[in-house]
Amino acid sequence: MPEADEVDEEEEMPLSLRLSIADTLTLGNATCGFMAVYFTTTGILIPHLTDSQESGMARNSAATAVILMLCAAVFDLFDGLVARKLRSSPMGAELDNLSDLISFGLAPAYFVLVYGMVADDAYQRVAAVGAIVVLLAVVLRLARFSCVTPTNGMFQGMPSPFGALTVVSIVLLELPFVATLLAILGTAWLMVSRVEYPKPRGRLAGAMLGWIVLSMGLLTAWAFDAPGGQLLLQTGCALQLVMGAVIPLFATARRVNTFRDNRREARAAQLP
């Protein structure tokens with residue numbers, strides 16, 4: 001029977017042949033997240049535990065780990081664009097969630113955990129609680145995203161890539177431990193909240209890509225101890241925090257203006 005033969009051929013088709021271009025980008029996202037964990041472990045945690053830590057090595061490893069998270073965000077940005085332009089396999093959405101969990105859940109949570117172990121003024125157990133909160137916030141956000149369809153081009157809650165970059169920016173700012181922990185917990189709350197964030201499409205996607213490239217440059221300058229590199233990095237991290245707080249205000253203002261316009265149109269329609 002020819003139809004049965006076709007079904008058998010599809011079932012025996014290798015997994016690699018069923019992956020789309022968008023799925024390949026998604027796997028790149030997962031790889032970057034795993035390598036970020038690797039560099040955080042080998043370049044920061046292990047040297048600290050063996051009392052062989054060098055400040056330059058730790059700085060380079062921290063910068064590499066964060067750059068890998070930024071690369072994961074680029075893959076996450078483009079896999080969605082490619083999937084809309086071309087196609088995605090039936091398992092594309094599942095791959096995307098699993099990859100995001102690694103790159104924007106596990107990697108930044110582990111970064112916070114290691115920070116609590118190596119920072120002089122940090123409390124390891126309290127930092128571990130903060131890391132767990134970050135991880136669970138991303139898990140809950142991704143689960144909710146799978147069940148709720150976004151409307152009007154808006155996300156409910158801070159997107160996980162943006163939240164991960166905000167968390168590592170807070171750590172790199174080197175604030176006092178209590179302030180760092182509170183800011184991390186606040187970011188985790190934003191990820192599971194109903195605060196609206198716009199989807200990165202069109203000009204916003206281009207602006208996000210430009211910001212990621214700029215952040216990579218700042219991290220590289222800081223890693224190689226360039227003149228003013230520390231100040232530039234802290235400025236970039238501070239801007240990341242400001243954007244995380246300001247972007248929802250624009251979305252709220254737009255929603256308020258839309259509500260007012262609708263009321264005006266309704267009143268105008270009621271006039272004789």
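No experiment lies behind these values; they were computed from the predicted model shown. Just so you know, residue 1 is the first one in the sequence shown, and it goes up from there.
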*Asks:* Verify the cluster assignment for Ile212 and Leu25: are they in a single hydrophobic cluster under the rule of side-chain heavy atoms below 4.5 Å apart?
*Replies:*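 Same hydrophobic cluster.
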*Asks:* Do Cys237 and Ile170 make a side-chain contact, defined as non-hydrogen atoms from C-beta onward lying under 4.5 Å apart?
*Replies:*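 No; the side chains remain at least 4.5 Å from each other.
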*Asks:* Report the distance from atom CD1 of Ile184 to atom OG1 of Thr166, rounding to the nearest 0.5 Å.
*Replies:*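 Answer rounded to 0.5 Å: 11.0 Å.
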*Asks:* Do Leu106 and Phe34 have side chains that approach each other closer than 4.5 Å (heavy atoms only, starting at C-beta)?
*Replies:*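 Counting from C-beta outward, Leu106 and Phe34 never come under 4.5 Å.
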*Asks:* Measuring from Phe145:CZ to Gln156:CD, what's the distance to the nearest 0.5 Å?
*Replies:*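 Those atoms lie 11.5 Å apart.
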*Asks:* What closest approach, in Å, do Ser103 and Met69 show between heavy atoms, and which atom pair accounts for it?
*Replies:*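 Heavy atoms of Ser103 and Met69 come nearest at O-CG, 4.2 Å.
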*Asks:* Report yes or no: is the cationic atom of Arg141 (NZ for Lys, CZ for Arg) under 6.0 Å from the centre of the six-membered ring of Phe155, at an angle within 45° of the ring normal?
*Replies:*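 Yes; both conditions hold, so Arg141 lies above the ring face of Phe155.
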*Asks:* CD/Glu196 to CG/Leu249 distance, rounded to the nearest 0.5 angstrom?
*Replies:*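 If I round to the nearest 0.5 Å, the distance is 12.5 Å.
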*Asks:* Rounded to the nearest 0.5 Å, what separates atom CG in Leu135 from atom CZ in Phe104?
*Replies:*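 Result: 14.0 Å between the selected atoms.
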*Asks:* Is it true that Leu113 and Val37 fall in one hydrophobic cluster, defined by side-chain heavy atoms closer than 4.5 Å?
*Replies:*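 Yes, Leu113 connects to Val37 through the hydrophobic network.
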*Asks:* Set out, in order, the CA-CA distance, both residues' side-chain angles and the distance that settles side-chain contact (heavy atoms from CB on, under 4.5 Å) for Cys71 and Met216, then state yes or no.
*Replies:* CA-CA 9 Å; Cys71 290; Met216 289 181 179; 3.5 Å; yes
*Asks:* Do Ile67 and Val74 share a hydrophobic cluster, counting only Ile, Leu, Val, Met, Phe, Trp and Tyr and linking them when any side-chain heavy atoms are less than 4.5 Å apart?
*Replies:*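 In one cluster with Ile67: Val74, yes.
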*Asks:* Let's go through Glu174 and Gln230 carefully: what are the C-alpha distance in whole Å and the side-chain angles of both, what is the deciding distance for side-chain contact (heavy atoms from CB on, under 4.5 Å) to 0.1 Å, and is it a yes or a no?
*Replies:* CA-CA 11 Å; Glu174 298 181 357; Gln230 180 73 19; 4.0 Å; yes
*Asks:* Hey, are the side chains of Leu95 and Leu27 touching, using non-hydrogen atoms and a 4.5 Å cut-off?
*Replies:*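 A side-chain contact exists here, since the closest heavy-atom pair is under 4.5 Å.
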*Asks:* Which pair of non-hydrogen atoms, one from Pro176 and one from Asp121, has the smallest distance, and what is that distance?
*Replies:*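 That would be CA-OD2, 3.8 Å.
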*Asks:* With a 3.5 Å cut-off and no angle check, do the side chains of Asp79 and Asn29 form a donor-acceptor pair?
*Replies:*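 Judged by distance alone, the side chains do not pair up.
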*Asks:* If you take all heavy atoms of Val195 and Trp189, which pair is closest and at what distance?
*Replies:*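 For Val195 versus Trp189, the nearest heavy atoms are CG2-CH2, 4.3 Å.
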*Asks:* Is there a path of hydrophobic side-chain contacts, each under 4.5 Å between heavy atoms of I, L, V, M, F, W or Y residues, that connects Leu101 with Met191?
*Replies:*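 Shared cluster, yes.
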*Asks:* For Thr26, is there any backbone N or O sitting under 3.5 Å from a side-chain donor or acceptor partner on Ser99?
*Replies:*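 Flag set: sc Ser99 to bb Thr26 pair under 3.5 Å.
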*Asks:* Do Gln234 and Trp222 meet the criterion of a side-chain donor-acceptor pair at a distance under 3.5 Å?
*Replies:*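 Checked: Gln234/Trp222 side chains show no N/O donor-acceptor pair below 3.5 Å.
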*Asks:* In the structure I gave you, are the side-chain heavy atoms of Ser61 and Thr42 within less than 4.5 Å of one another anywhere?
*Replies:*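 Ser61 vs Thr42: side chains apart.
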*Asks:* In terms of ring plane angle, is the pair Phe177 and Tyr115 parallel, tilted or perpendicular, where the classes change at 30° and 60°?
*Replies:*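 Parallel, since the angle between the ring planes stays under 30°.
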*Asks:* Using a 3.5 Å distance criterion without hydrogens, assess whether the side chain of Tyr197 forms a donor-acceptor pair with backbone atoms of Gly244.
*Replies:*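 The answer is yes, because a donor-acceptor pair under 3.5 Å joins these two groups.
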*Asks:* With side chains defined as the heavy atoms from C-beta onward, is the minimum distance between Val114 and Thr41 less than 4.5 Å?
*Replies:*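 No, too far: nothing below the 4.5 Å cut-off.
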*Asks:* What pair of heavy atoms forms the shortest contact from Val112 to Gly130, and how long is it?
*Replies:*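 Looking at all heavy atoms of both residues, the closest pair is CG1-C, 4.5 Å.
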*Asks:* Before you tell me yes or no, could you show the steps for Leu172 and Phe111 under side-chain contact (heavy atoms from CB on, under 4.5 Å), namely the whole-Å CA-CA distance, both residues' side-chain angles and the distance that decides it to 0.1 Å?
*Replies:* CA-CA 10 Å; Leu172 292 176; Phe111 198 80; 4.3 Å; yes
*Asks:* Please round to the nearest 0.5 Å and tell me the distance separating atom CZ of Phe162 and atom OG1 of Thr187.
*Replies:*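 OG1 of Thr187 is found 9.5 Å from CZ of Phe162.
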*Asks:* Report the residue from Leu70, Thr220, Leu239 that forms a side-chain contact (heavy atoms from CB on, under 4.5 Å) with Ser215.
*Replies:*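 Among Leu70, Thr220, Leu239, the one that satisfies the side-chain contact (heavy atoms from CB on, under 4.5 Å) with Ser215 is Leu70.
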*Asks:* Tell me if a side-chain donor or acceptor on Arg144 pairs with a main-chain N or O of Val192 at a distance below 3.5 Å.
*Replies:*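 Pair found, side chain donor or acceptor close to backbone of Val192.
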*Asks:* Please report the closest heavy-atom contact between Gln240 and Ser169, naming both atoms and the distance.
*Replies:*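 For Gln240 and Ser169, the tightest heavy-atom pair comes out as CG-OG, 3.4 Å.
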*Asks:* Closest approach of Gly33 and Ala107, non-hydrogen atoms and distance?
*Replies:*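 In this case the closest contact between Gly33 and Ala107 is O-CB, 3.9 Å.
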*Asks:* With clusters defined by side-chain heavy atoms of hydrophobic residues (ILVMFWY) lying less than 4.5 Å apart, directly or transitively, does Val126 cluster with Val133?
*Replies:*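 Yes; Val126 is reachable from Val133 via cluster members.
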*Asks:* State the CG-OG1 distance between Leu68 and Thr40, to the nearest 0.5 angstrom.
*Replies:*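 Rounded to the nearest 0.5 Å, the CG-OG1 separation comes to 8.5 Å.
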